[in-house]
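Okay, so here's the structure we're looking at.
Just so we're on the same page: letters track the sequence lines, and every chain starts at 1.
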Amino acid sequence: MSEHNEQTVREEVRTWLAANWKPDQPLITWRTLLAESGWGMPTWPAQWYGKGYSMALGNAVLEEIQTAGAVGAAQAGVRMLAAATLLEHGSDAHKAKFLKSILTGEHNWCQLFSEPGSGSDLAGLTTRAELKDGKWVINGQKVWTTSAHHAQYGMLLARTDWDVPKHQGISYFILHMDQPGVEVRPLRQMNGHASFNEVFFTDAIVLPEFLVGERNGGWKIALTTLAHERRGADGVRSFARAEAGQGQVFDELREELAHVNEPYKWYPQRAGRVDLILERAKASGRITDPVIRQEIAELLIMARSSEWTARRARKAQVMGRPQGPEGSLGKLAASNVAKKAAHVHTLLAGADAMLKGSDGLMNGLISEILISVPAISIAGGTDEIQRNIISERVLGMPKEPRTDVDRPFRDVPRNPGKR
Amino acid sequence: MSEHNEQTVREEVRTWLAANWKPDQPLITWRTLLAESGWGMPTWPAQWYGKGYSMALGNAVLEEIQTAGAVGAAQAGVRMLAAATLLEHGSDAHKAKFLKSILTGEHNWCQLFSEPGSGSDLAGLTTRAELKDGKWVINGQKVWTTSAHHAQYGMLLARTDWDVPKHQGISYFILHMDQPGVEVRPLRQMNGHASFNEVFFTDAIVLPEFLVGERNGGWKIALTTLAHERRGADGVRSFARAEAGQGQVFDELREELAHVNEPYKWYPQRAGRVDLILERAKASGRITDPVIRQEIAELLIMARSSEWTARRARKAQVMGRPQGPEGSLGKLAASNVAKKAAHVHTLLAGADAMLKGSDGLMNGLISEILISVPAISIAGGTDEIQRNIISERVLGMPKEPRTDVDRPFRDVPRNPGKR
Amino acid sequence: MEFSFSDEQQVFRDMVRRFLEETSPTKEVRRLMDTEIGYDPAVWQRLSNELGLPGLHIPERFGGQGFGAVELGIVAEEMGRALLCAPFFSSAVLGTFAALNAASEAQREELLPDLAAGKKRITLAVAERSGSWQAADITTAARSAPSGSVLNGEKWFVIDGASADQLIVAAVDEHGIGLYLVDAAADGLNRIPLDTLDPTRKQARVVFSNVSAQRLGGASDATAALDRTVDQATIVLASEMVGGADHLVRSAVDYAQMRMQFGRVVGSFQAIKHKCADLVLEVELAKSAAYYAAEALAEDDPDVPALASLAKAAASAACLRAATDCIQIHGGIGFTWENDTHLYFKRAKASEMMLGDPVYHRERMLKNVGGLA
Amino acid sequence: MEFSFSDEQQVFRDMVRRFLEETSPTKEVRRLMDTEIGYDPAVWQRLSNELGLPGLHIPERFGGQGFGAVELGIVAEEMGRALLCAPFFSSAVLGTFAALNAASEAQREELLPDLAAGKKRITLAVAERSGSWQAADITTAARSAPSGSVLNGEKWFVIDGASADQLIVAAVDEHGIGLYLVDAAADGLNRIPLDTLDPTRKQARVVFSNVSAQRLGGASDATAALDRTVDQATIVLASEMVGGADHLVRSAVDYAQMRMQFGRVVGSFQAIKHKCADLVLEVELAKSAAYYAAEALAEDDPDVPALASLAKAAASAACLRAATDCIQIHGGIGFTWENDTHLYFKRAKASEMMLGDPVYHRERMLKNVGGLA
């Protein structure tokens with residue numbers, strides 16, 4: 001496919017867009033066109049809604065779509081993690097059945113990995129899948145499932161063999177969420193939002209054809225999903241982008257985004273809102289306080305250095321350089337920045353830090369920072385797990401001696417099943 | 001012995017002192033009298049230079065000695081750790097041979113426990129003792145041995161069995177330092193002082209009668225020594241006390257103290273010299289700087305709270321209350337205080353922090369703080385070991401799974417013998 | 001200084017703790033925090049009648065028990081541990097100390113017996129929009145009127161301000177600062193509940209428009225009485241915070257002992273063990289500071305202002321850290337509404353700022369450092 | 001901003017690193033730190049002749065290589081890693097930048113070729129007894145004299161002040177601040193070596209009693225040139241510190257991988273692993289700051305003053321922490337003279353204070369925050 005040079009490709013896209021893109025059509029109609037053309041996911045294989053292009057060429061295509069002001073393939077939620085996993089490990093039947101509706105936005109997905117009893121230790125999961133009468137019967141519980149309440153499908157990890165070591169008895173399934181054995185309950189956080197769900201399975205059913213990969217071979221597939229998640233391939237990070245076009249496509253897109261992004265609206269507060277610090281320092285008058293100024297400076301130094309470090313990592317990746325330490329540090333850095341920011345916001349708020357809602361500063365935004373930041377050092381892998389990862393993968397330090405990986409999972413001490 | 005009431009005892013001591021104490025006699029003569037009278041160590045057993053008194057009654061005796069302005073038994077160095085260990089685990093022959101000269105100050109002792117390859121993991125020691133022709137032959141190396149260069153005897157831990165788990169193959173010996181197989185080399189620290197020594201054994205000899213306790217039973221005896229060390233029973237802490245009397249006893253005592261305390265003269269600097277902070281803040285003019293004031297306040301809060309915590313612990317001990325968390329925190333608290341103090345001293349010194357010796361502040365004292373404080377979080381048990389102890393003994397958290405305690409020491413991975 | 005509680009004090013602590021374990025489990029805290037007044041009058045009555053806690057430190061001649069700051073600190077510590085929802089801090093601490101410090105003998109005779117019996121709840125209103133508890137920042141004004149005085153101004157962050165029976169209000173008058181007693185039902189008084197981060201302790205904004213008030217004490221500046229009241233309350237608040245911190249340490253350790261990951265309890269990982277060790281160190285130091293300050297208050301030590309600030313700064317840091325670490329050690333569950341840690345976190349965050357933040361108190365401590373140096 | 005080094009820059013870094021590994025092993029550092037001048041003239045010559053490092057950033061027309069701040073940062077980082085004892089910072093950085101910023105074209109032609117070739121070592125004297133590198137704190141005075149100018153005053157903390165061939169001296173004169181070139185052999189010049197905490201970089205006190213001097217540049221205030229010089233040197237110093245910090249991280253990790261306790265390498269304990277993880281994070285962030293500041297300097301970004309201070313504050317904290325943690329991870333051995341960590345620790349401690357301490361730089365960064373906000 002690299003016979004195309006970039007200019008030719010750009011012209012091809014433009015021609016196609018000129019013929020097909022118009023803002024006044026149903027969003028799904030447009031995205032179906034886009035998916036079938038292969039332009040929406042140019043780096044995907046040509047046989048699966050893509051063009052098989054390199055990352056660079058793919059970026060050129062996406063640039064053209066953006067320049068034309070056209071709407072791209074659906075990105076929100078965890079759909080892209082599902083897509084990436086299916087592209088890599090799914091059967092052709094899986095790809096044929098699921099990929100298009102992921103791109104058009106018709107079907108939403110959720111990730112059914114974490115459990116109450118297995119958080120940091122994901123492979124310690126105890127949700128069970130048992131083959132009965134030719135169908136997989138699922139029993140157990142998942143948690144921290146974003147958007148489970150409006151997902152049609154879930155990527156499910158369940159234990160299918162208890163007599164082998166923990167990583168070797170897990171299978172990866174595609175679960176249809178809309179069935180009697182699946183109950184989704186919102187899980188409220190300390191900041192009052194309920195961005196996550198608990199999902200309970202009581203004899204929920206998965207058809208045998210919806211096993212992904214081999215039976216008991218689910219762990220390495222899960223690692224694919226997780227690797228894409230770490231790379232930020234989920235659409236979560238893009239939630240802040242406003243889509244301001246005119247026409248039916250955009251109206252429907254805004255509706256979709258409002259819906260999908262709802263659970264994430266406190267995420268910027270969780271990150272500490274460094275962007276508000278100087279404004280708040282001026283508004284509070286404490287910008288002249290030398291003690292506060294030191295705190296602000298420390299925060300800005302951390303925040304800017306973290307950004308620059310992330311940009312170093314991205315640049316190295318783009319240049320094809322081997323990843324240096326800077327690549328694995330982002331999450332821990334973000335956690336440190338957020339904690340420091342919450343501290344500075346507290347000092348800047350003074351006694352008003354005790355107020356919330358409409359009595360609180362910035363209509364409660366500041367108090368939302370204070371009660372959201374504690375999540376950032378936990379969600380998506382605790383600081384402690386990040387430090388393990390950094391010390392092992394970046395610094396090459398040895399793992400701790402493990403007592404849980406070399407024996408049948410049945411015999412590994414674990415949390416009681418009930419919560 | 002508790003038939004004595006305190007008043008009777010006090011009078012008895014006074015009478016004895018009136019008859020025997022005079023400042024113009026050789027120090028050793030006086031201390032021999034004191035040791036033989038039992039008044040010097042009133043809580044020791046009556047048959048071993050003591051009176052068998054309770055702690056309270058013993059304190060009354062020592063008060064009387066102090067009130068009379070008389071010099072007490074020798075305390076400096078680690079002699080009292082040796083004495084306490086021998087009293088508990090030594091044979092009558094050991095007690096008869098060693099205790100008196102400990103009390104008179106004639107013989108100094110050192111503690112031959114730590115090795116280059118076993119610091120935090122003391123029980124991993126590899127100095128070996130082999131019985132040849134009826135004598136123990138010692139080979140190996142010790143380190144961090146304070147005062148080894150002027151000690152006549154050492155408390156030595158050596159491995160006598162390599163085929164049993166690590167704690168079960170260690171024996172406790174009394175080693176005569178003045179012999180050809182023992183070489184003492186001063187070990188210079190980053191602050192330029194050489195307070196410690198390395199001690200090398202090349203076929204050094206211990207006579208069989210100088211084994212303390214059972215062969216291979218040395219570990220629990222070592223724990224006795226270490227417990228007394230933790231309780232501050234070594235004389236190290238008292239080094240700052242000046243002895244200001246007139247007469248031959250005092251002249252000789254001052255000489256002894258100057259000699260024995262020499263290695264410890266940087267210890268106050270290692271602790272951060274919080275006592276100098278306000279004086280330095282005023283002298284530097286930075287006492288008016290709000291940023292520095294916060295740092296000073298944080299330091300004083302830590303330092304005062306640490307003192308009060310230590311006093312809570314002592315008071316609880318005196319009252320016979322069960323030890324609370326406050327008892328085990330002192331060393332870690334002291335380490336935190338010292339580090340913070342070094343930071344504040346640096347800020348107060350400004351560019352002058354770059355100078356030392358006579359060019360440095362307070363004739364180099366401040367620079368000595370800066371380059372001595374790093375030792376406090378290591379010496380006598382690292383901060384990490386303290387955190388283990390606190391979490392396990394105070395908070396009751398479980399030990400980490402161990403891989404080194406249940407198999408023959410021979411098979412435990414360890415540092416290469418040579419350094 | 002004693003550096004130790006007496007056997008009697010220990011017995012007293014156990015009694016208070018048992019009472020609070022019974023009456024203030026977190027289920028009850030959760031129920032009460034959603035009510036308007038934020039406490040259970042029946043529990044308040046029991047706490048007053050059975051234990052006499054509101055009058056603990058009120059002299060016996062005014063119907064109190066005549067104990068001192070050390071006993072009060074014990075009570076506050078246990079209340080912090082139990083996260084009790086009650087008007088104790090507002091009425092038994094702020095209001096009562098203000099009355100003790102500023103009121104005339106006749107006024108004391110009028111006010112204190114009811115306070116001691118828990119029959120009347122009187123809070124103290126000092127801070128205004130700027131959020132300062134310093135006398136110099138007060139702008140609410142009092143002027144003499146034919147019958148008593150008249151207040152105009154606005155107070156913020158008034159604890160239990162919307163539910164108290166009476167308020168003692170710090171105002172500027174011709175003598176400097178005066179403390180004025182105002183009836184909750186007085187004309188011109190408007191009490192607006194504030195939406196607070198900490199749902200377990202209610203606050204109100206109180207607006208005074210020509211409100212009739214009675215000045216406490218004689219015709220002289222009450223700044224010293226106000227400052228002393230704030231110092232006393234600051235020490236009690238520090239005690240409350242170390243109680244909360246101590247609970248949080250225990251909660252974190254208990255969870256870490258129970259929670260399994262990787263085939264081990266997480267409390268066997270050094271990352272968790274060392275975090276707990278550092279935490280218990282900070283909390284024990286803060287306790288020592290709170291105990292020392294309470295003893296100093298009981299002995300009327302001249303260093304009380306410095307020690308109050310020291311104890312508050314230490315307790316704020318320790319309690320907030322304990323709450324943050326407790327959430328972290330719980331992992332995801334620690335961030336849920338269902339888990340109790342966030343209730344303590346929010347109390348810690350609010351207490352950190354109440355009566356002055358740690359930066360303020362560190363500076364104030366150093367200004368008054370005196371014998372601490 | 002590039003956020004990445006080019007392939008050529010990487011090759012250059014490797015070359016510098018190899019050279020320094022060969023010429024500046026710690027055994028050599030230990031030998032040189034005990035000498036009076038504190039460096040090896042033969043190595044200085046090789047470094048000048050073979051690599052042209054002193055002239056790296058000097059324009060080609062003055063005999064330099066015409067590279068920019070990024071390449072200079074690379075060199076400084078590698079020198080920090082190797083703890084090189086050499087007059088590079090004093091002469092190639094401070095002196096050279098001062099000449100570049102302040103000298104007239106004729107003076108540049110006179111000075112820069114020798115500087116570029118490493119034939120002359122010219123240091124810069126700014127700070128005085130008060131230890132400030134700010135123009136406003138300078139009291140050393142210059143007055144016009146029949147032939148050139150005459151200096152009176154005293155400079156402190158002059159790097160390589162006792163061994164440099166010439167000094168550029170910041171002094172107050174009728175235009176404001178002037179930078180004056182003084183010959184080391186001039187009458188009335190007294191250079192007294194200072195006893196420094198960091199034995200690897202010598203400093204001197206320099207007393208001027210009617211010393212003949214030549215003013216650099218035209219008859220106008222040189223404050224801006226001085227400030228820029230200090231900014232440039234600050235960025236280079238930050239680069240040097242992150243080099244040292246990076247070495248220390250590696251040293252700590254290597255030791256932890258090798259040292260056994262309790263039957264495991266200590267690097268398998270979370271207490272050590274997590275300390276190293278936190279450390280590498282801080283060091284990588286400081287590196288990013290130093291790299292960004294160097295790029296900004298190369299691009300003549302208006303935020304250079306803020307970025308210089310930001311990079312210095314970040315690098316100081318990271319380098320000192322790296323040294324402290326490296327000692328801690330080594331345990332007892334880390335505190336011995338025989339172990340090399342203390343040499344880095346002492347350099348870190350001195351560099352922390354050189355050209356202004358972190359408190360100063362954080363405040364200064366915020367004053368100039370501009371585009372960083």
Part of [X] within contact of chain D (heavy atom distance under 4.5 Å):
{"X": "B:Asn388", "value": "neither"}
{"X": "B:Glu400", "value": "side chain"}
{"X": "B:Arg188", "value": "both"}
{"X": "B:Ala379", "value": "neither"}

Could you tell me whether the side chain of [X] and the main chain of [Y] form a donor-acceptor pair under 3.5 Å?
{"X": "B:His345", "Y": "B:Arg273", "result": "yes"}
{"X": "B:Lys356", "Y": "B:Ser367", "result": "no"}
{"X": "B:Glu368", "Y": "B:Asn191", "result": "no"}
{"X": "B:Ser335", "Y": "B:Lys331", "result": "no"}
{"X": "D:Arg191", "Y": "D:Ala164", "result": "yes"}

Any donor-acceptor N or O pair under 3.5 Å, side chains [X], [Y]:
{"X": "B:Glu115", "Y": "B:Gln141", "answer": "no"}
{"X": "B:Asn197", "Y": "B:Thr145", "answer": "no"}
{"X": "B:Thr346", "Y": "D:Lys349", "answer": "yes"}

Output the option from [options] having the highest count of non-hydrogen pairs under 4.5 Å with chain B.
{"options": "D:Leu197, D:Asp195, D:Leu343", "value": "D:Asp195"}
{"options": "D:Arg201, D:Gln270, D:Arg129", "value": "D:Arg129"}
{"options": "D:Ile192, D:Leu320, D:Ile327", "value": "D:Ile327"}

Query raised in the report: Is the distance between the ring centroids of D:Phe335 and D:His342 less than 6.0 Å?
Result: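 No, too far apart.
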Flag the one option from [options] with the top tally of heavy-atom pairs under 4.5 Å to chain D.
{"options": "B:Gly357, B:Pro374, B:Ser284, B:Ala194", "answer": "B:Pro374"}
{"options": "B:Ile371, B:Val412, B:Ile292, B:Thr382", "answer": "B:Ile371"}
{"options": "B:Ala353, B:Ser114, B:Gly360, B:Ser120", "answer": "B:Ser120"}

Using non-hydrogen atoms and a 4.5 Å limit, figure out which bit of [X] sits close to chain B: side chain, backbone, both or neither.
{"X": "D:Tyr360", "answer": "neither"}
{"X": "D:Phe262", "answer": "both"}
{"X": "D:Glu352", "answer": "side chain"}
{"X": "D:Gln203", "answer": "side chain"}
{"X": "D:Pro199", "answer": "neither"}

Requested in this report: Using the ring of D:Tyr344 (Phe, Tyr or Trp, six-membered ring only), decide whether D:Arg347 places NZ or CZ under 6.0 Å from its centre and within 45 degrees of its axis.
Outcome: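 Not satisfied by the 6.0 Å and 45° rule.
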